[in-house]
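Data first, discussion second: the structure below is written as structure tokens.
Note that the coordinates shown come from a computational prediction; the quantities given were computed from them, not determined experimentally.
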2 protein chains.
Amino acid sequence: MTDLRRAGKRERLIAAARTLFHEQGVHVTTLAEVAQRGDVPVGNVYYYFKTKEELVRAVVDEYVGQAEALLAGFDTLRTPAARLKGLTRGWLDVADTVADHGCPVGGLCAELNRCDGALRGAGVEIFGRISAWVEAQFRQLGRRDARDLAMALLSGIQGSALLANTFSDATIMSRQARYLERWIDSLA
Amino acid sequence: MTDLRRAGKRERLIAAARTLFHEQGVHVTTLAEVAQRGDVPVGNVYYYFKTKEELVRAVVDEYVGQAEALLAGFDTLRTPAARLKGLTRGWLDVADTVADHGCPVGGLCAELNRCDGALRGAGVEIFGRISAWVEAQFRQLGRRDARDLAMALLSGIQGSALLANTFSDATIMSRQARYLERWIDSLA
DNA sequence: GTCTATATAGCGATAGAC
DNA sequence: GTCTATCGCTATATAGAC
């Protein structure tokens with residue numbers, strides 16, 4: 001019971017932080033906001049996370065786990081092209097959220113790379129897994145330039161997320177995702 | 001003389017802010033840092049900019065002017081494809097800086113869109129001009145889907161800037177730029 | 001016009017009662 | 001394990017001497 005409540009609060013704090021970091025960014029978000037959104041008393045946050053940095057680290061780890069689960073889900077698809085298109089098509093479902101607040105992972109990486117501290121470059125842990133998976137799919141397609149193609153695909157996705165957010169226009173993201181699907185077909 | 005000094009200080013403050021916003025982000029940068037880097041006494045900043053928001057606005061306007069000058073420079077090139085490739089090739093020169101701190105405009109837009117206030121969506125003023133110019137070039141190439149192509153090109157650039165920054169690898173940006181040049185040729 | 005000193009406010013983090 | 005009170009620091013912004 002005690003452990004369960006503890007786990008529940010920790011998870012709620014991470015979930016609240018993840019949402020707020022996405023909506024407003026890490027630096028703007030205060031621990032008081034995280035506590036409030038997570039339904040946890042303000043001063044109690046420090047029992048679960050000794051510093052704010054530790055909370056950010058937990059959110060990064062959360063994204064790593066989510067990315068791995070997402071990619072593992074696509075591995076049931078039969079062809080590499082189908083798996084790549086599965087990843088790409090997934091952005092259609094979140095186009096509206098992305099237009100409102102940008103890509104949660106892309107935004108986090110951009111912010112973490114711009115301040116010093118232990119978290120600088122932590123975004124590699126998330127994007128490194130995704131890019132390795134994408135590269136592997138292109139390699140299975142027999143492409144020698146698999147890494148460049150992986151970067152091209154991820155660039156197209158991340159760039160359109162930034163533009164959709166800048167112009168507050170979800171169709172920029174969804175149209176670009178469909179464009180990338182056809183591009184994958186042209187390579188297969 | 002007085003007006004010249006005043007203009008010089010204002011410009012120095014904007015230049016300092018532009019650099020610091022790029023390297024660390026807007027929120028992390030303090031007005032004290034801007035004043036120090038611009039060689040202007042700390043308290044004197046408020047004579048030139050009533051609020052920090054006003055300083056950010058000035059930096060945005062600076063980028064708008066730079067973008068217009070950059071695009072006007074490419075207009076001397078004869079064909080639309082050459083102009084588009086000129087814009088794309090320009091990223092080769094700044095690949096290292098982009099790998100270190102991301103795209104200055106992309107990073108600024110991402111940050112401005114995530115906080116409220118008068119500056120929310122100010123990035124449209126910069127990206128709107130660039131995307132309109134790119135779209136016009138594709139239209140001159142006779143493409144009906146000029147807007148989608150413009151977004152695809154800018155997405156590829158901005159996304160590769162984000163990834164180059166995340167992985168601290170300038171070749172991600174430069175290789176992607178060359179890839180996009182060939183892509184432009186394939187459309188012309 | 002220039003600069004110093006300071007008001008005001010909010011944050012991360014800690015100490016310690018319960 | 002939980003929560004309150006508060007410390008110490010830093011930021012924006014202002015008041016006012018020069």
Side-chain angles (χ1 to χ4, degrees), chain A residues 1-21 23-60 108 111-112 114-120 122, chain B residues 1-21 23-60 108 111-112 114-120 122:
Chain A
M1 172 59 172
T2 305
D3 279 348
L4 275 178
R5 279 220 310 236
R6 173 182 167 145
K9 287 197 180 179
R10 219 189 110 93
E11 283 158 22
R12 262 148 52 204
L13 285 172
I14 293 174
R18 182 168 49 82
T19 307
L20 287 165
F21 290 170
E23 289 176 359
Q24 327 178 325
V26 174
H27 276 101
V28 181
T29 301
T30 67
L31 294 175
E33 284 176 301
V34 175
Q36 192 185 1
R37 174 97 53 132
D39 236 333
V40 171
V42 195
N44 203 355
V45 175
Y46 287 94
Y47 177 74
Y48 297 99
F49 304 97
K50 274 196 285 289
T51 64
K52 185 180 183 180
E53 201 174 53
E54 226 173 78
L55 176 61
V56 180
R57 156 65 48 192
V59 171
V60 171
L108 189 60
E111 203 172 353
L112 292 183
R114 292 213 279 183
C115 53
D116 333 280
L119 283 142
R120 200 163 200 285
Chain B
M1 171 59 169
T2 305
D3 279 347
L4 275 178
R5 281 224 307 240
R6 172 182 167 148
K9 287 197 181 179
R10 217 189 112 93
E11 283 158 21
R12 262 148 52 205
L13 285 171
I14 294 175
R18 183 168 47 82
T19 307
L20 287 165
F21 291 172
E23 288 175 358
Q24 333 178 325
V26 175
H27 274 101
V28 180
T29 300
T30 68
L31 293 176
E33 284 175 301
V34 174
Q36 193 184 0
R37 173 98 53 133
D39 235 333
V40 173
V42 195
N44 203 354
V45 175
Y46 288 93
Y47 177 73
Y48 297 98
F49 303 98
K50 275 196 284 287
T51 64
K52 184 180 183 180
E53 200 174 51
E54 226 173 79
L55 176 59
V56 180
R57 156 65 49 193
V59 170
V60 171
L108 188 61
E111 203 172 351
L112 291 183
R114 293 214 279 185
C115 52
D116 334 279
L119 284 143
R120 199 162 201 285

Show the nearest heavy-atom pair for residues A:R37 and A:T19, with the distance to one decimal.
NH1-CG2, 3.4 Å
For the side chain of B:Y48, starting at C-beta, report the closest nucleotide among D:dT12, C:dT2, C:dC3.
C:dT2
Please pick, from C:dA13, D:dC3, D:dT12, the nucleotide with the shortest atom-to-atom distance to any side-chain atom of B:K52.
D:dT12
Nucleotide [N], atom [atom2] - distance to [atom1] of [X] in whole Å:
| X | N | atom1 | atom2 | value |
| --- | --- | --- | --- | --- |
| A:L55 | C:dC11 | CG | C1' | 15 Å |
| B:E33 | D:dA11 | CD | P | 7 Å |
| B:L31 | D:dA13 | CG | P | 7 Å |
| A:H27 | C:dG10 | NE2 | C1' | 15 Å |
| B:F49 | D:dA11 | CZ | P | 19 Å |
| A:Y46 | D:dC3 | OH | P | 16 Å |
| A:N44 | C:dG12 | CG | P | 16 Å |
| B:L13 | C:dT2 | CG | C1' | 13 Å |

Check this for me, if you would: do B:R114 and A:E111 make a salt bridge, where the nitrogen-to-carboxylate-oxygen distance has to be below 4.0 angstrom?
yes
Does this structure show an ion pair linking A:E23 with A:R18, if we count only N-O contacts that are shorter than 4.0 Å?
no
Earlier contact from the 5' end, DNA chain C, for B:G43 and A:T29
B:G43
With respect to the phosphate group of C:dG1, does any side-chain polar atom (N or O) of B:Y47 fall under 4.0 Å of OP1 or OP2?
yes
B:L13 and side chain to side chain contact (heavy atoms under 4.5 Å, CB included): which single residue from B:D39, B:V59, B:V45 fits?
B:V45
